[in-house]
Amino acid sequence: RFLAFEDFGTAGLRGDPTQWWIDDGGESNPFFNFFRAEGISDKDHGRRGRHGVGKSVFERASRVRAMFGLTRRADDREMLMGTCVLRSHRIASTPYVPDGWYGVQSDTESRLVMPVETDVTLLSNFRSDFGITRRRECGLSIVVPWLSEEVTPDTITEAAIRGYFDPILRGKIRFRISTDKAEDFIDSETLLDRIGRCRPDFVAEVLPFIHLSQASIADGPHVTIPVQTEAGAPKWEKVSVSSAALETVASRLDEHMSVIVRADMKVLRKSGD
């Protein structure tokens with residue numbers, strides 16, 4: 001069993017693939033961060049995501065803690081590389097460090113493992129063997145070999161809905177989840193129908209949030225509260241809400257209806273206004 005995860009509408013893993021150590025003063029290098037960085041991240045300045053959690057999830061989904069990544073970028077470079085993170089171990093009397101890489105070993109002094117780029121046959125076989133649909137589109141395709149038995153089409157579907165129901169409803173993202181037997185499409189048109197085929201306890205968990213999201217998209221009655229925004233992250237402060245707004249909230253709750261609270265804030269650009 002294996003998992004092939006592909007994103008589209010993204011830029012792929014940009015950056016210099018020869019970089020092997022963090023550049024404190026340089027530009028972000030997504031290729032380095034995804035394949036080579038451990039215990040470090042460029043998720044600062046309010047960027048979304050957590051400290052290396054994304055790639056760790058793929059590794060931990062493999063029973064041998066391995067994954068492959070095939071990326072295509074706007075510069076038309078297509079690169080395939082793999083990584084495996086085991087424990088420090090010995091085979092017979094020979095010690096081995098945890099990290100292993102799949103690629104082409106550089107003939108430079110660094111002996112750095114570089115991604116496969118020029119072996120057209122190998123890249124074609126990789127796409128064919130693992131059902132990769134990416135051809136000329138930019139983005140990243142990840143393959144997780146020896147997939148954990150806990151990862152199933154149903155658990156992937158539930159994770160996609162739980163994590164992304166709001167952008168799905170807003171038409172900003174859609175999912176195609178397929179096996180050799182069936183195929184599921186989850187988008188703004190099919191989301192509610194797909195939820196109806198999920199576990200009852202999962203439906204009970206997510207449906208109230210989806211109804212709230214739908215009401216928000218429909219721009220129903222809402223209460224707006226101010227948020228203090230200065231340099232840095234926004235801060236919650238004590239605010240005054242009008243009596244009319246409170247009456248709206250109370251009446252909707254009495255009728256078991258959704259209440260939308262909007263917190264308007266300024267988003268400060270990294271450079272600019």
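All of these numbers come straight from a predicted model, not from anything done at the bench.
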Once you round to the nearest 0.5 Å, how far does [atom1] of [X] lie from [atom2] of [Y]?
X	Y	atom1	atom2	result
I156	F5	CD1	CZ	9.5 Å
S62	L147	OG	CG	8.0 Å
T118	M79	OG1	CE	12.5 Å
C198	E158	SG	CD	5.5 Å
I195	I210	CD1	CD1	3.0 Å
T71	R73	OG1	CZ	7.0 Å

Is there a side-chain contact between [X] and [Y], using heavy atoms and a 4.5 Å cut-off?
X	Y	value
F175	I168	yes
T18	M114	yes
F68	P145	yes
L13	F35	yes
Y102	V116	yes
N29	R36	no
T83	M67	yes
E78	L123	yes

Which pair of heavy atoms, one from [X] and one from [Y], lies closest together, and at what distance?
X	Y	value
S28	N33	OG-ND2, 3.9 Å
A204	P208	O-CD, 3.3 Å
V113	M81	O-CE, 3.4 Å
C84	V64	SG-O, 3.2 Å
S188	G171	CB-N, 4.5 Å

Are [X] and [Y] connected, step by step, through hydrophobic side chains (Ile, Leu, Val, Met, Phe, Trp, Tyr) whose heavy atoms are closer than 4.5 Å?
X	Y	answer
F34	F130	no
I173	I177	yes
L122	F2	yes
L86	V57	no
V143	W101	no

Going by distance alone, is a donor N or O of one side chain under 3.5 Å from an acceptor N or O of the other, for [X] and [Y]?
X	Y	answer
T133	E6	yes
T190	D193	no
D154	T157	no
R134	S141	yes

Around atom [atom1] of [X], are there more than 12 heavy atoms of other residues, nucleotides or ligands at under 6.0 Å?
X	atom1	result
F8	CZ	yes
E205	CD	yes
R60	CZ	no
R87	CZ	no
E149	CD	yes
R194	CZ	yes
Y164	OH	no

Apply side chain to side chain donor-acceptor pair (under 3.5 Å) to D7 and T10, showing your working.
CA-CA 7 Å; D7 66 35; T10 62; 2.7 Å; yes
Parallel under 30°, tilted from 30 to 60°, perpendicular over 60°: which one fits the rings of F165 and F209?
tilted
Less than 6.0 angstrom from the centroid, inside 45 degrees of the normal: does R14 satisfy that with respect to the ring of F31?
no
Dump the intermediate steps for side-chain contact (heavy atoms from CB on, under 4.5 Å) on L70 and L140, then the final yes or no.
CA-CA 6 Å; L70 176 69; L140 174 63; 6.0 Å; no
Might you work through the side-chain contact (heavy atoms from CB on, under 4.5 Å) test for R72 and R77, ending with a clear yes or no?
CA-CA 6 Å; R72 177 171 282 278; R77 291 181 72 176; over 6 Å; no
Look at the side chain of R1 and the backbone N and O of V151, then say whether any donor-acceptor pair between them is shorter than 3.5 Å.
yes
Would you say T94's side chain and R90's backbone share a donor-acceptor pair under 3.5 angstrom?
no
Assess the residue pair I142 and K55 against the criterion (side-chain contact (heavy atoms from CB on, under 4.5 Å)); give the C-alpha distance rounded to whole Å, side-chain angles, the decisive distance to 0.1 Å, and a yes or no.
CA-CA 10 Å; I142 300 170; K55 64 180 181 181; over 6 Å; no
Check ion pair K172-D166 (N to O, under 4.0 angstrom):
no
Could you walk me through whether F32 and D16 pass the side-chain contact (heavy atoms from CB on, under 4.5 Å) test, one step at a time?
CA-CA 7 Å; F32 165 80; D16 181 3; over 6 Å; no
Taking ring-ring contact (aromatic ring centres under 6.0 Å, His included) as the test, write out the residues that go with F185, two or more places apart.
none
Applying salt bridge (charged side-chain N to carboxylate O under 4.0 Å, His left out), can you list everything that pairs with D107, at least two apart in sequence or on another chain?
none
